[in-house]
Amino acid sequence: MRSARAKRQIVGDRMQQAARRRGIALVPPQPQAVAQGEVTAKVARYLAETPLADPTLVIDLDVVEHAYLSLQRALPLTKIYYAIKANPAPEVIRRLAPLGCLFDTASQGEIDLCLKLGVAPDRIGYGNTIKKRSEIAHAFAKGVRLFAFDSQAELEKLAELAPGSQVFCRILVDCAGADWPLSKKFGCTPRLGVELLTRARELGLDPAGISFHVGSQQTDPTSWEPAIATAAEMTRTLAERGIEVRLLNIGGGFPSRYRSEVPPLEAYGKAIMESMKRHFGGRMPEIIVEPGRQIVGDAGVIQAEVVLVSEKDIGDEKRWVYLDIGKFSGLAETIDEAIKYRIRTPHDGGPTGPVVLAGPSCDSVDTLYEKTDLRLPLALQPGDKVLILSTGAYTSAYSSVGFNGFPPLKTVCI
Ligand SMILES: *Cc1c(COP(=O)(O)O)cnc(C)c1O
């Protein structure tokens, strides 16, 4: 006998499928747990029924869809390009594509992956400002017509190998407030950007717009404000030269839920749209967002196993807990303890003590949290399964091919 709840779920799933076939986006009813990046009932059921020997990332595709629809609702006037580097699982792309999602790519491999999954080339943007000539030529041959750049040399490559394409110039912005800043690697100064967009038209390209990224896991919704102000000023200067840029790509940066609370997406939508109105007034450009982390982060849970719990000295209060997953098998964002994941154990609720958390490999950098104040149950034992929450973004793709013979992080999408 199916419970009433299970029946409602089935009816709900069928409505979703029917709506999706008709191209209608329905917002599924979500239990409170989903919004906070907790383990969903579906994932809990899967983990209970499936013995997993190696660390495994389980992605709940319903949460991916919910995250996409939530962003669409928070920023209704924007076009959403999912930055597939955050999690390139084909199932994620297949789930997002019918919802109308577009895709931000950074390499030939990511472009080919999208194309193989049936994404049309006019729904793909090539957002990396650093591309080989062969990669530009490949993308252009496949029909991609939207490219990022941040330098004169890249612009000239684009003019030659992707003639007539739409190009947008990435500018340097302040990443304060971001737990994973993208700092100085990408972007040029606004004044160089104005010159380069002017040059783009002379080279026969379409100077479509301006882009920036305020840093990943950006916890301050007002961080977009100075960059939007700068972009508006550039847009006015360019208009005086007869160049009408019509796209503003405000990047990604929308957060997942790690140890600290983050503002709700609505706060981001509100702050961004207020900045847009303040600086662009009635002459609003088309807005593009490129979320990565926000789309997949909270949708993923890694199940890992405790390998050892030990002390370094007699009477040490601080225990060392070693897991079968570490920096080389998916948890690279623990570098500098930047991203602080929440961890669930079978003993939650019992007494806890301070720990250092480390991975299994024979490299001392494979220590996850040493400075971070992390406490885990005193009852924690080797063999216990632990859950690392909100790990859908920047984990599986960062996993090494097999350092020390540990297998790369497996992904299961359900
Ligand atoms: C990584 C990246 C993104 C995604 O950033 P998130 O912080 O994960 O949202 C978007 N755009 C570009 C160009 C990127 O490099």
Side-chain angles (χ1 to χ4, degrees), residues 37 59 64 67-68 70-72 74-75 78-89 92-93 96 101-107 109-111 114 124-131 135 139 144 146-151 154 167-188 193 208-221 223-224 227 231 247-258 262-263 265 268-269 272 287-300 332-333 338-339 390-398:
I59 298 273
V64 172
Y68 173 83
S70 303
L71 187 62
Q72 200 176 52
L75 283 163
T78 62
K79 277 188 171 172
I80 302 176
Y81 283 72
Y82 169 53
I84 71 172
K85 73 169 190 274
N87 191 320
V92 169
I93 295 169
L96 290 169
C101 188
L102 307 159
F103 296 92
D104 174 54
T105 61
S107 66
E110 287 186 349
I111 290 171
C114 288
I124 299 173
Y126 200 159
N128 197 342
T129 55
I130 299 155
K131 303 175 281 298
E135 292 171 319
V144 175
L146 181 63
F147 295 86
F149 73 95
D150 64 3
S151 66
E154 190 73 9
V167 293
F168 53 91
C169 181
R170 179 151 169 189
I171 55 168
L172 277 165
V173 298
D174 185 1
C175 290
D179 288 345
W180 193 260
L182 303 171
S183 69
K184 303 194 180 77
K185 183 169 173 185
F186 302 103
C188 62
I210 298 164
S211 76
F212 59 81
H213 195 302
V214 294
S216 202
Q217 187 66 10
Q218 177 53 260
T219 56
D220 179 0
S223 299
W224 279 258
L247 293 179
L248 180 61
N249 179 340
I250 63 171
F254 307 97
S256 285
R257 171 68 164 84
Y258 302 116
V262 287
L265 264 188
Y268 289 81
I272 287 168
I287 309 170
I288 285 176
V289 283
E290 292 175 341
R293 192 182 300 279
Q294 180 267 336
I295 298 287
V296 285
D298 289 339
E333 287 201 315
I339 298 294
S390 295
T391 40
Y394 304 115
T395 50
S396 49
Y398 270 152

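Just follow the structure's listing: the first ligand is 1, and inside any ligand the first atom is 1.
- Every heavy atom of Tyr81 sits 4.0 Å or more from the atoms of ligand 1.
- Residue Leu172 holds its CG atom at 12.5 Å from CZ of Phe212, rounded to the nearest 0.5 Å.
- Residues satisfying the salt bridge (Lys or Arg N to Asp or Glu O under 4.0 Å) criterion with Glu154, sequence neighbours excluded, are Lys131, Lys157.
- With hydrogens left out, the protein atom closest to atom 1 (C) of ligand 1 is Lys85 NZ, 1.3 Å, a heavy atom.
- Each of the following atoms of ligand 1 lies closer than 4.0 Å to a heavy atom of Arg170: 13 (C).
- Between Arg293 and Ile339 there is a side-chain heavy-atom pair separated by less than 4.5 Å.
- Residue Pro291 has at least one heavy-atom neighbour below 4.0 Å for each of these atoms of ligand 1: 9 (O).
- With hydrogens left out, the protein atom closest to atom 8 (O) of ligand 1 is Tyr394 OH, 2.6 Å, a heavy atom.
- By the 4.5 Å heavy-atom criterion applied to side chains, Tyr82 and Val296 are counted as neighbours.
- Shortest contact from atom 10 (C) of ligand 1 to any protein heavy atom: Glu290 O, 3.1 Å.
- Contact atoms of ligand 1 toward His213: 2 (C), 3 (C), 4 (C), 5 (O), 6 (P), 7 (O), 10 (C), 11 (N), 12 (C), 14 (C) (distance under 4.0 Å to a heavy atom of the residue).
- Using cut-offs of 30° and 60° on the angle between ring planes, the pair Phe147 and Tyr126 is tilted.
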